[in-house]
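For clarity, every value in this text was computed on a predicted model and none was experimentally measured.
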Amino acid sequence: MVTVSGIGSLPGVDIREALGAVHDLLADPAGEGLVGMPYLPELPARGPGTDMVGRSANLLVDLPIDLQPQGWRLVDRPGLDATRTGAFWREDLDELAEVFDGWDGTFKIQVVGPWTLASELWLPLGDRVLSDTGAIRDVTETLAAGVAEHVRAVKRLLPSADIVAQIDEPSLPRVLRGQVPSASGYRRLPAPDPGDASAAIGSVVAAAMKAGATVTALHCCATRPPLRVMSEAKPRALSIDTTGLDLRAWEGIATAVESGIGLWAGAIPTHREETGEPSAYRAEHDALVTRWRDVGLEVRGLADVTVTPACGLAALSPTAAKDLTIAVNHLGRDLAETAKS
């Protein structure tokens, strides 16, 4: 069965409205061989604490945060910003329980991974967390614990659902290339060993699975995602923007797929307004199938692909976000037909 879903972020400020839209578009998509995977939306337009970094940093166990001019910083005790972030989380989960009451399919949640947090969070009296190996370890360990509790909390609200945990690592390529600037801006913070990078992400993956997630997906929408490091973290799936990948990157995807890791193909670009009409998705379908065949993967394997937008939809208008999700459904339906051929 081809699965259709979204990455996470949506436009707007009303979480109940956003959850309703996700339910309407993904709970029961039309098409034989097609299944939807709804998700808990992120609405960054609501303000600080709803951005992906602040939202996930609020999950850290015993590591309080507060918002400073530089960004989110680790502090001795929670401030007003952390309190507001927690209130947003409670509102989101309360509305989730109502809108998806009785849901017995798959349901996805999103959290930021350890390396993106380490590159964006600041130490109490110093540089980024990424500058301190001990702080990186602490953030990784407490994130794993926080993600596990988050999975359990959502599972309690949706006891019949299969919970899917998506771990977002948009900054991972910059971290691995040593391109994250220090506080002064005059130097770059050292890149971690690739094995250590995989192990840190892997600890969060393992914690989510142990807490009850049925699938973990590692998401990176960079044009050159570090597929080997991502694969060695042992997620069940890789969520990749496939719209601009070259053949070498596709060969890396083929290696992952052949090893048993699933592909979430971000096959619909998010940089242009989509209409939901055939012209908005047919070319993307053909490009995906062509690349799949080019690297020697069997066409029937397309039935196991999850189709998503290339990235989050928060920058689009509500109408465009809806239309793009419809286009994802159309592409998924066609992909299911192709897989049977």
Side-chain angles (χ1 to χ4, degrees), residues 3-10 12-29 35-46 49-62 65 78 82-113 142-168 204-219 235-237 239 264 306 308 312-314 325:
T3 301
V4 289
S5 191
I7 294 302
S9 68
L10 289 176
V13 296
D14 188 326
I15 187 60
R16 189 176 186 88
E17 181 179 315
L19 280 163
V22 168
H23 186 282
D24 292 345
L25 292 168
L26 293 173
D28 188 22
V35 63
M37 181 167 58
Y39 56 94
L40 180 59
E42 300 166 354
L43 305 180
R46 290 187 290 180
T50 60
D51 59 290
M52 64 188 304
V53 173
R55 189 172 170 86
S56 292
N58 189 259
L59 298 176
L60 298 175
V61 176
D62 296 330
I65 56 167
T83 301
R84 181 175 58 244
T85 302
F88 279 127
W89 265 122
R90 289 189 294 275
E91 178 187 5
D92 292 357
L93 295 179
D94 287 345
E95 296 293 349
L96 168 64
E98 291 194 25
V99 175
F100 280 89
D101 183 36
W103 177 249
D104 60 358
T106 56
F107 190 86
K108 181 169 71 72
I109 56 176
Q110 305 84 221
V111 296
V112 172
T142 59
L143 176 63
V147 168
E149 179 51 41
H150 185 42
V151 169
R152 287 190 288 265
V154 175
K155 185 65 177 174
R156 287 193 293 269
L157 297 175
L158 306 178
S160 299
D162 290 326
I163 306 303
V164 175
Q166 173 184 306
I167 300 169
D168 293 320
V204 179
V205 167
M209 296 294 289
K210 187 176 181 180
T214 57
V215 171
T216 51
L218 184 52
H219 171 68
R236 295 289 178 87
S239 176
W264 290 14
T306 293
T308 72
L313 307 181
T325 304

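Residues Leu19 and Asp92 fail the side-chain proximity criterion, which asks for heavy atoms closer than 4.5 Å. The shortest distance between side-chain heavy atoms of Gln166 and Val215 does not fall below 4.5 Å. Looking at Thr50 and Val13, their side chains never come closer than 4.5 Å, going by heavy atoms from C-beta outward. Counting heavy atoms from C-beta on, the side chains of Val205 and Leu218 never come closer than 4.5 Å. Inter-residue side-chain proximity for Leu93 and His150 is flagged as met; some heavy-atom pair is nearer than 4.5 Å. The shortest side-chain heavy-atom distance between Ser5 and Lys108 falls under the 4.5 Å cut-off.
Closest heavy-atom contact between Val61 and Ala145: CG2-CB, 3.8 Å. The nearest pair of heavy atoms linking Pro41 to Val22 is CG-CG2, 3.8 Å. Nearest heavy atoms, Leu143 versus Gly113: CD2-C, 3.8 Å. Taking every heavy atom of both residues into account, Ala27 and Pro29 meet most closely at C-CD, 3.7 Å. Minimum interatomic distance between Ile7 and Thr308 (heavy atoms only, all atoms of both residues): CD1-OG1, 3.6 Å. Residue Val151 comes nearest to Ala211 through the heavy atom pair CG1-O, 3.9 Å, listed as atom of the first residue, atom of the second, then distance.
Ion pairing of Glu91 with Arg46 is present here, as a side-chain N (NZ or NE/NH1/NH2) and a carboxylate O approach within less than 4.0 Å. The residues Asp94 and Arg16 are annotated as not salt-bridged, no charged nitrogen and carboxylate oxygen being separated by less than 4.0 angstrom.
A donor-acceptor pair under 3.5 Å is formed between the side chain of Ser9 and the backbone N or O of Leu313. Using modelled atom types, one side-chain atom of His219 and one backbone atom of Ser239 make a donor-acceptor pair closer than 3.5 Å. Here the side chain of Asn58 pairs no donor or acceptor atom with the backbone of Ser56 at under 3.5 angstrom. At distances below 3.5 Å, at least one donor-acceptor pair connects side-chain atoms of Lys155 with backbone N or O atoms of Ala161. Listed for the Gln110 side chain is a donor-acceptor partner under 3.5 Å among the backbone atoms of Leu40. A donor-acceptor pair under 3.5 Å is absent between the side-chain atoms of Trp103 and the main chain of Ser160, judged by distance alone. A donor-acceptor contact shorter than 3.5 Å is absent between the side chain of Thr306 and the backbone of Trp264. Judged by distance alone, the side chain of Thr216 and the main-chain N or O of Ala165 form no donor-acceptor pair under 3.5 Å.
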Do Ile163 and Ile109 pass the side-chain contact (heavy atoms from CB on, under 4.5 Å) test, and can you show the C-alpha distance, the side-chain angles, and the key distance before you say yes or no? CA-CA 7 Å; Ile163 306 303; Ile109 56 176; 4.2 Å; yes

Decide yes or no on side-chain contact (heavy atoms from CB on, under 4.5 Å) for Leu26 and Val4, but give the supporting numbers first. CA-CA 7 Å; Leu26 293 173; Val4 289; 4.0 Å; yes

What do the steps show when you test Leu43 against Ile15 for side-chain contact (heavy atoms from CB on, under 4.5 Å), and what is the final call? CA-CA 7 Å; Leu43 305 180; Ile15 187 60; 4.1 Å; yes

side-chain contact (heavy atoms from CB on, under 4.5 Å) evaluation trace for Leu158 with Leu96: CA-CA 9 Å; Leu158 306 178; Leu96 168 64; 4.2 Å; yes

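A distance of 4.5 Å separates CE of Met52 from CG of Asp168, quoted to the nearest 0.5 Å.
Taking a 6.0 Å sphere around CZ of Arg236, one finds it holds 12 or fewer heavy atoms contributed by other residues, nucleotides or ligands.
Ring centroids of Phe107 and Tyr39 are separated by 6.0 Å or more, keeping the two rings apart.
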